[in-house]
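In what follows, chains are A, B, ... by sequence order, proteins preceding strands, each numbered from 1.
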Amino acid sequence: MGFYKLLFMSLTVLFGLLMSSVIFAEEYTIDSSEIDKKPYHLGGYAELRPLTFGLNKDSALYKLKFYNQKKHDNIYEFNGALQLEGSLEYGMARVYARTNTTYQKGYLGETQATTLQEGYLSLKPAASLKIDAGKKTLNWGKGYAWNPVAFLDRPKDPDDPELSREGYYMLTADYVKSFQGPLKTFSLTTVLYPEYEYINSTYATSSRMNFAGKAYFLLYDTDIDFILFTGGSKTTRYGFDFSRNITTNLEVHGEFAWIDHFTRKFTDSSGNMLQTTYNAKSFLLGLRYLTEKEATYILEYYRNDTGFKTGEMKDYYAFINRGYNSYLSSGSTMLLNKAATLTTGSYGKPNPMRDYLYLRASQKEPFDILYFTPAITFITNISDKSTSISPELVYTGITNLELRLKAIFLAGGRNSDFGEKQNAYKVELRARYYF
Amino acid sequence: MLKIISICAMILAFALPVYAIDGTQLLKEVDRNLNPESYESYRKLINIEPNGSKKEYTLFTVKKGLDKMVLLFIAPASEKGRSTLRLGDNMWFYIPNVGKPIRITSLQSVVGGVFNNADILQLDYAAEYNVEKVEEKGKDYLLHLKAKTKTVAYDRIKLWADKEKKLPVKIECLTEAGMLIKTLYFKQVKDFGEGIVRPAVIETDSPLYKGYKSLMIMARIKAKEYKDEIFTLSFMSHIDSIR
């Protein structure tokens, strides 16, 4: 065999191999290992979240928190989080657990905490029946930022409604049935919710077994829920919610909650506690609209009948200022300590008042930048016209990595909801890696 | 007069083969050749950017009858456990640990890229579209489809189907005004067993996403009929249990 013949054959084989690799590259397949199911699952995410606060040094809540410290314009904080979740399946049984560990280094020093957010045993004897026992979240309601009918869930943070939350210990049974015709689905969820010294004790102090239930109907293409909670740990409450797509790009939703004999405790400007009892009627109305250019708007109005009135909040801020002046003149922290206790209760909720408007606008992949979503959120207290404005940029282009840069600016006059918060603004970067 | 009659006869003679095709029946055959009426399958979606970088998603899907479908993300880790349910025109999206399923629309995309929810949760074409016209184009039929209701993602569709195999070759998705939204190309016809022979890869591009391309690769397509209760909001967090 001559040299040139050998060279020609080698080049032919090489060309053939190259071509076959090109053809192979065009042959798309799914590897079995990617889709074979395992009886267990382990996963979660690790998160880094440095942030800086710009302080509002004239605000009541700044005085309450920083009264004995040097005045700062800014404070910095570093947050880390590790969320772990795992499940194991065997036949009709499944065990699931999710823990969340947080680390914070800020002006108060270092803190670390681990919480079992959910952990339960689930039995599924049939496609239509499921029984869960353990700690879990129910996530009732249709609202995006608020859920007045979520009687057995911890409240959402409207600044970040998609954060996972801690559940409560309970026993639940879900029954679901499908039909042909206008009623497509019916499901019934029943809940036994114990509240004793060593179980769910943070909710209230009474030792009672409570009952809750939710009946769901998919009727004429509308999601409808009727909700009940009763048992003595809290007064009986009733809920109703709905959600429906009016067109392919417009969804409307709403919630209505009735709380029997709700007692609201509030302070006067001297720190004397007062209370009033009434049947509270809260509701939420909202819509989600998608434009042709894939901008999504979420608009919600929340009437919180359990919240404080403008005058009551004014008295609360006046009481803090009175405590601060007392500290400046006498060094006594007695009034400020009492105000701090009130703040960790109902007054410290993210939106403690009565009338709020929520608007979020997000644009998916503008300028053809794939996996990039800028958004801006407004939360306005209608009563005092104070507002929170939160622009954010989210990028998810790298597999399993989510990057979010977010700022929150608070605007409002004296004695207003957002005007008396300790911060004027907050900027944070969140890097979350899923595994 | 004789000339007019002979012209009419010629027109009829040419037109007859086209009118002989029952468009609705043909579309139903295309649907059945593409998938069994009730089935489960695995899919991989690959979004390819103009610079060549890729992002992949692996999905498990189950369809039942004409109007029910669920989809579960099994990879990557950031999406695992997310699920989408379609019941006729209703669609919901569930994110684990975050909250209850939320209603979404068919035009949205839960994965980014060129495919939207309607492409991934595609029901039978005959269930959503009427056949307005069928043309013969060489070795293909060209079916002109019009959405039955306003709630369907694309108002008009042009579907090229192989005459012999009665399988789609290319689909153009159009707005009511006839503007092209995207084109789907059906490639790599493969035998999945149990008599299912169909394209294993669907490629799509769009004038709205210049330079971007998305692929959907099919695997393990199996005729299977699940109970109706699988297709409910309560079941969205447990779809993995039926894999």
Taking Leu215(B), Ile74(B), Asn90(B) one by one, which has the highest count of heavy-atom pairs under 4.5 Å against chain A?
Asn90(B)
Between Ser38(B) and Gly65(B), is there a donor-acceptor pair closer than 3.5 Å when you use the side chain of the first and the backbone of the second?
yes
So what's closer than 4.5 Å to chain A heavy atoms on Arg43(B): side chain, backbone, both or neither?
backbone
Quick check on Leu59(B) against chain A: is it the side chain, the backbone, both or neither that has a heavy atom closer than 4.5 Å?
neither
Please identify, among Lys156(A), Glu118(A), Arg98(A), the residue contributing the most non-hydrogen atom pairs under 4.5 Å to chain B.
Arg98(A)
Tell me whether the rings of Phe235(B) and His238(B) are parallel (<30°), tilted (30 to 60°) or perpendicular (>60°).
perpendicular
Between Ile398(A), Thr185(A), Thr247(A), Asp223(A), which has the largest tally of heavy atom pairs under 4.5 Å with chain B?
Asp223(A)
Tell me which one of His253(A), Glu162(A), Arg288(A) satisfies side-chain hydrogen bond (donor to acceptor under 3.5 Å, both in side chains) with Tyr144(A).
Glu162(A)
Tell me if the centroids of the rings in Tyr395(A) and Phe372(A) come within less than 6.0 Å of each other.
no
If you count heavy-atom pairs within less than 4.5 Å of chain A, which of Ile242(B), Leu233(B), Thr58(B) leads?
Leu233(B)
What is the ring orientation for Phe226(A) with Phe240(A), classed by angle as parallel under 30°, tilted 30 to 60°, or perpendicular over 60°?
tilted
Engaged part of Arg165(A) at the chain B interface, taking heavy atoms whose separation is under 4.5 Å
both
For the candidates Arg94(A), Glu402(A), Lys142(A), Lys184(A), which exhibits the highest count of non-hydrogen atom pairs separated by less than 4.5 Å from chain B?
Lys142(A)
Proximal component of Lys80(B), with respect to chain A [non-hydrogen, under 4.5 Å]:
side chain
Determine the option with the most heavy-atom pairs under 4.5 angstrom with chain A, choosing from Lys44(B), Glu49(B), Lys55(B).
Lys55(B)
So, the side chain of Tyr226(B) versus the backbone of Glu40(B): is there a donor-acceptor pair under 3.5 Å, distance only?
no
Option in Thr399(A), Leu401(A), Asn147(A), Asp174(A) with maximal non-hydrogen atom pairs under 4.5 Å from chain B
Thr399(A)
Should we count NZ of Lys222(B) as having more than 12 external heavy atoms under 6.0 Å?
no
Tell me, out of Glu251(A), Lys124(A), Gln117(A), who's got the most heavy-atom pairs with chain B below 4.5 Å.
Lys124(A)
Report yes if the side chains of Glu229(B) and Ser178(A) come closer than 4.5 Å at any heavy-atom pair, otherwise no.
yes
Phe60(B) portion near chain A, given a 4.5 angstrom heavy-atom threshold
neither
Side chain, backbone, both or neither of Gln180(A) within contact of chain B (heavy atoms, under 4.5 Å)
side chain
Using modelled atom types and a 3.5 Å cut-off, is there a donor and acceptor pairing between side-chain atoms of Ser214(B) and backbone atoms of Asn47(B)?
no
Which of Gly211(B), Ser53(B), Ser241(B) touches chain A most, by non-hydrogen pairs under 4.5 Å
Ser241(B)
